[in-house]
Enquirer: 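First the structure, then my questions, so here it is.
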Amino acid sequence: MSIYLGKNSKVIVQGITGREGLYHANRMRTYGTNVVGGVTPGKGGQKADEFAVFDTVHGARASTGANTSVIFVPPPFAADAILESADAGIELIICITEGIPVHDMLKVMSVVPKSTRVIGPNCPGIITPGEALAGIMPGHVFSQGRVGLISRSGTLTYEIVDQLTRAGIGQSTCVGIGGDPIIGTVFVDCLHAFERDEKTDAVVLVGEIGGTDEEDAAALIRDKHVTKPVVAFIGGRSAPEGKRMGHAGAIVSGGGGTAKAKIAAFQAVNVPVADSPADIPELVSRSGRQPARV
Amino acid sequence: MRLLEYQGKELFAAAGIPVPTGKVAQSVDEAVAIMRANPKPSVVKAQVLIGGRGKAGGIKFANDERDIVGPATVILGMNIKGEIAKRVWIEQRVDIVKELYLSITVDRQSKRPIIIASAMGGMDIEEVAASHAGAIAKYRIDPAMGYWPFVGRRVAREAGIPKEVTSQFVDILGKLYRLFFDIGAMLVEINPLAITKDGKLIASDAKVDIDDNGLFRHPELEAWKTDLPADALEERARKTGLAYVHLDGDVGIIGNGAGLVMGTLDAVKAAGGEPANFLDVGGGAKADIVREAVNIVTADPKVKSLFINIFGGITRGDEVAKGLVEALGGGSWSKDKLVIRLTGTNEKEGREVLQANGIKSVETMNEGARQAVALAR
C-alpha cells in the first residue's frame, strides 16, 4: 500500500443492503478490494449478494476483522454510522454520503479519536491503484504509479487522473477528501502521509474555493514539512461571492476563500498552479525534473 | 438558508435574547395600523438579505401613523442592489450609547464553532479585522464541552466589553450558543449588540444563516422560505434536485460533478466568455435529468450557447451519448448553438454516437469552451 488503503485492508460497507451500497460493494470487490461484509441494522444474518450482513459494526468487526468501513447511509443517519464505526475500533472510515448536517460533523469530529481516520463526507472515496478501491471511483481510469493525488472533487479527479494515466503517469494513492465544510481529513493530513510514503514521488493537489485548507497546505510546504514536488489546481476562479457552487463547502464568503488567494498562496511557495486540468500532466513531469525543495 | 432580520429577531426573542419590540408589515396599510396601535418613535427597516441597506436608503424613521406613510411607501418595493424589499420591520427606537459585536459561526479549520466578539460594533467585522485586529476576541469552543459561563467571561474580557454589561453579555452569549445548535446554524450574528442609555444590552440587528443540510430537522422553518428572495430558475432546479446557480453571462453550462462544472466555468471565462450558470447533473447523466437540465439552463433568455461537459466514468461514454441524444431529441435547443465535450470511458464511441446525430463534439475542455464562447457572439 502507499497511504491509508492497500491490499491488506479489510473493508465493510455500512448500508450494504441499499441500492448504492450493494452496487458499489460489488464494484469494489470486482476491483480487487477485500470486501468482507456489510452492515444494515435489523438485517444481520442475511446475505446481500455474496456479502455477509451484520446488525452492528461491532459484530462485523468481531467476525471479519474489518479495519475499514465505507458508508452509504442516508444523511440523517450518516453521523451515527461514522460514530458507530469509530466506537467499534474501525481505523479508516470513508463516508460517501452527501448532505450530512454540518452540526452533525462538528459533533463527530469533536469525539472521534485521533487514531481513527475519517475521510469525507461527500467524497468519492480512496483508491490505491492495483490494490484496493474504497468508494465510488471508476477504478479503470486509474493506473499504478508514483504520483499521489488529493482532491475536494469527484469527477474533476477522474478527469485529471484519466489525463495522467494517458500521459503514462501512474498514481500511488488518490484520496477524495470531500466537498463539505467540515471533513475528517484535509490536504495537510494527506500531504504529511504522502511525504512519509516511500511509494510516492510527487503530489497533485486539486482544491477549490471556500475555507483555507489550500492556504494551510501552502503553509506546510513553506515550513518544509513537505519536500516532495506538489502541483496544484484550484477550481472556482470565476465563482461570484456568496454563491455555493454545488459543493456545500465551495463558497466565497466575507471576501475569504477565493481562488485568487489560494493560487497566490501556492505560487508564493513555488508550487506550480495549473490554469487548466489539461496542463497538469506536463507540470507533473516537469516537477520531477526539478530539484526537490530541501 | 439566510434569514431576514425580522425572522432572526423572532428566533432571538424565542431564545430569550433581548430584541426591540417590533412588527413586520407587507403594505403601507399594515404599517399604518402598527403605528396606530403603538405610536412610539420607531425605525422602519427594509427586509432584504443584501448588506448596505442603510446607505441605500432602506432605513428610515417615524413617530406616528401619519409620518409612517412616507417611509413605508418609499421602502416597500424599493430595489436595493437588485433585491426588492417586500417587507418592512418597524421597531421601537432605543437610545444607544455604545455598539458591540457578537457572532458564532463554523470554523472550518478547527472543525469547531467559533465565537467572535468585539467592543467595536456597528460596522463590518471584516473591516474591524483589517484595521483593528487586536479589538477582536475569538474562542473556538469544543462542542463536546458546550458553553459554560467562563467562556463568556473570557471572551468579554478579551474583547474589551464594558464591565457593567459583562454578566448580561455572558447570559446572551449562552443563549446565542444554544440557538446556534438548536437550529443548526452556520452563522448567528448580532451587529450591533447595543448598550442602551439605561445600561441594558439589546440585539439591534439579527443575521442568521441555517445549514441547508440540517433543514429537514426544522419543518417549522419551511414557511419562512416563501418569504425569502429567490431566483425563479434556482427554485425550479432545487425542486427537481439539480444543483443550479444562476449567473450573469450568456454561455449556458451543464456538467457532471461540482468540481468539473466549476472547472468548466473557469475555462469559459478564460476563453473570454461569461458563464450564464452553474449546473451539476450528478453522476450518470441520465436522459431525463439532462433534458430537465437543458430546459432550466435555456429558460434563461440571456443564454445564447450551451456547453455540455461530461466525464463518463462508471457510466460509459456511449451510454452517456445516447442519453444526451435522447435528451436533446425534442428540439428543445438548437444543435447549432450547442457544443458537447465527452471524455473518459468509451469516449470515442460516445463521440461517434453524437456525430451520427448531428451534434458537434470536441475533445478538450478548453476547445469546447472556446467554441461555446464563439457561438454566443
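Chain A is the first sequence line, chain B the second, and so forth, proteins listed ahead of strands; every chain is numbered from 1.
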Enquirer: Within residues 181-190 of chain B, which positions have a heavy-atom distance to chain A below 4.5 Å?
Expert: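 Under the 4.5 Å heavy-atom cut-off, B:F181, B:G184, B:A185, B:M186 qualify.
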
Enquirer: Contact part of B:R108 toward chain A, heavy-atom cut-off under 4.5 Å: side chain, backbone, both or neither?
Expert: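 Both the backbone and the side chain of B:R108 come within 4.5 Å of chain A.
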
Enquirer: Inspect the surroundings of CG in A:D223 and state if more than 12 heavy atoms from other residues, nucleotides or ligands are less than 6.0 Å away.
Expert: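 Enclosed.
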
Enquirer: Taking atom NZ of A:K243 and atom CZ of B:F278, what is their separation to the nearest 0.5 Å?
Expert: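 Answer rounded to 0.5 Å: 12.0 Å.
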
Enquirer: Among A:S151, A:P75, A:S110, which residue forms the greatest number of heavy-atom pairs with chain B at distances under 4.5 Å?
Expert: A:S110

Enquirer: How close do A:M245 and B:L247 get, counting heavy atoms only, and between which atoms?
Expert: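 For A:M245 and B:L247, the tightest heavy-atom pair comes out as CE-CD1, 4.5 Å.
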
Enquirer: Is it the side chain or the backbone of A:E208 that comes within 4.5 Å of chain B heavy atoms, both, or neither?
Expert: side chain

Enquirer: Identify the two heavy atoms, one from B:M262 and one from A:A250, that lie closest to each other, and give their separation to 0.1 Å.
Expert: CE-CB, 3.8 Å

Enquirer: If you tally heavy-atom pairs under 4.5 Å against chain A, which of B:G312, B:G263, B:G257 wins?
Expert: B:G257

Enquirer: Which answer fits A:L106, side chain, backbone, both or neither, if we ask what part of it has an atom under 4.5 Å from a heavy atom of chain B?
Expert: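 Contact with chain B: backbone and side chain both.
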
Enquirer: Sort B:E234 into side chain, backbone, both or neither according to what part of it lies under 4.5 angstrom from a heavy atom of chain A.
Expert: side chain

Enquirer: Contact part of B:K111 toward chain A, heavy-atom cut-off under 4.5 Å: side chain, backbone, both or neither?
Expert: both

Enquirer: Side chain from CB out, backbone as N, CA, C, O: work out which of these in B:D211 comes under 4.5 Å of a heavy atom of chain A, or both, or neither.
Expert: side chain

Enquirer: Decide yes or no on side-chain hydrogen bond (donor to acceptor under 3.5 Å, both in side chains) for A:T155 and B:N256, but give the supporting numbers first.
Expert: CA-CA 7 Å; A:T155 35; B:N256 61 340; 4.8 Å; no

Enquirer: Are side-chain heavy atoms of B:Q109 and A:D216 found at a separation under 4.5 Å?
Expert: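 Of all side-chain heavy-atom pairs linking A:D216 with B:Q109, at least one is under 4.5 Å.
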
Enquirer: Quick check on A:V102 against chain B: is it the side chain, the backbone, both or neither that has a heavy atom closer than 4.5 Å?
Expert: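 Both backbone and side chain.
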
Enquirer: Check each atom of A:P240 against the heavy atoms of chain B and say whether the ones under 4.5 Å are side chain, backbone, both or neither.
Expert: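 Contact with chain B is through the side chain of A:P240 alone.
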
Enquirer: Strictly less than 4.5 Å between heavy atoms, which residues of residues 273-281 of chain A line up against chain B? Please order them by number.
Expert: A:S276, A:P277

Enquirer: Kindly determine whether B:N213 and A:E98 satisfy side chain to side chain contact (heavy atoms under 4.5 Å, CB included), including the steps that lead there.
Expert: CA-CA 9 Å; B:N213 288 343; A:E98 175 175 7; over 6 Å; no

Enquirer: By a 4.5 Å heavy-atom criterion (distance strictly below it), what part of A:I160 contacts chain B: side chain, backbone, both, or neither?
Expert: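 It is neither, since no heavy atom gets under 4.5 Å.
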
Enquirer: Measure from the side-chain N and O atoms of B:D266 to the backbone N and O of A:G236, and report whether any donor-acceptor pair falls under 3.5 Å.
Expert: yes

Enquirer: Tell me, out of A:M109, A:Q163, A:K107, A:H140, who's got the most heavy-atom pairs with chain B below 4.5 Å.
Expert: A:H140

Enquirer: Quick one: which of B:E347, B:M365, B:M145 has the most heavy-atom pairs under 4.5 Å with chain A, could you say?
Expert: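 Option with the top pair count is B:E347.
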
Enquirer: Non-hydrogen atoms of chain A under 4.5 Å away: do they reach the side chain of B:R217, the backbone, both or neither?
Expert: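 For B:R217, side-chain heavy atoms alone lie under 4.5 Å from chain A.
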
Enquirer: Identify which part of A:P124 has an atom lying under 4.5 Å from any heavy atom of chain B, answering side chain, backbone, both or neither.
Expert: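 Contact with chain B involves no heavy atom of A:P124 at all.
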
Enquirer: Identify which of A:G211, A:P181, A:P138, A:G235 forms the greatest number of heavy-atom pairs closer than 4.5 Å to chain B.
Expert: A:P181

Enquirer: Are the side chain of B:D280 and the backbone of A:G246 linked by a donor-acceptor contact shorter than 3.5 Å?
Expert: no

Enquirer: Which of the residues A:S238, A:S153, A:G179 is involved in the greatest number of heavy-atom pairs with chain B at under 4.5 angstrom?
Expert: A:S238

Enquirer: Side chain, backbone, both or neither: which part of B:D107 has a heavy atom under 4.5 Å from chain A?
Expert: backbone

Enquirer: Under 4.5 Å heavy-atom distance to chain A, tell me which part of B:A267 shows up: side chain, backbone, both or neither.
Expert: neither

Enquirer: Taking the side chain as every heavy atom from C-beta outward, state whether A:Y158 and B:T343 have any atom pair closer than 4.5 Å.
Expert: no

Enquirer: Can you say whether A:D213 sits under 4.5 Å from chain B via the side chain, the backbone, both, or neither, judging by heavy atoms?
Expert: neither

Enquirer: Go through A:V141 and B:F311 one step at a time and tell me if the side chain to side chain contact (heavy atoms under 4.5 Å, CB included) criterion holds.
Expert: CA-CA 11 Å; A:V141 306; B:F311 183 90; 4.1 Å; yes

Enquirer: Give me the atom names and distance for the closest heavy-atom approach of B:A144 to A:V111.
Expert: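 Here B:A144 and A:V111 meet closest at CB-CG1, 4.2 Å.
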
Enquirer: Checking heavy atoms, do the side chain of B:L215, its backbone, both or neither come under 4.5 Å from chain A?
Expert: neither

Enquirer: Where on B:V261 is there a heavy atom nearer than 4.5 Å to chain A: the side chain, the backbone, both, or neither?
Expert: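 Looking at B:V261, nothing touches chain A.
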
Enquirer: Counting heavy-atom pairs closer than 4.5 Å to chain A, which one of B:V106, B:T264, B:I125 comes out on top?
Expert: B:V106

Enquirer: Nearest heavy-atom pair of B:G344 and A:R166: which atoms, and what distance?
Expert: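 Here B:G344 and A:R166 meet closest at O-NH2, 3.8 Å.
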
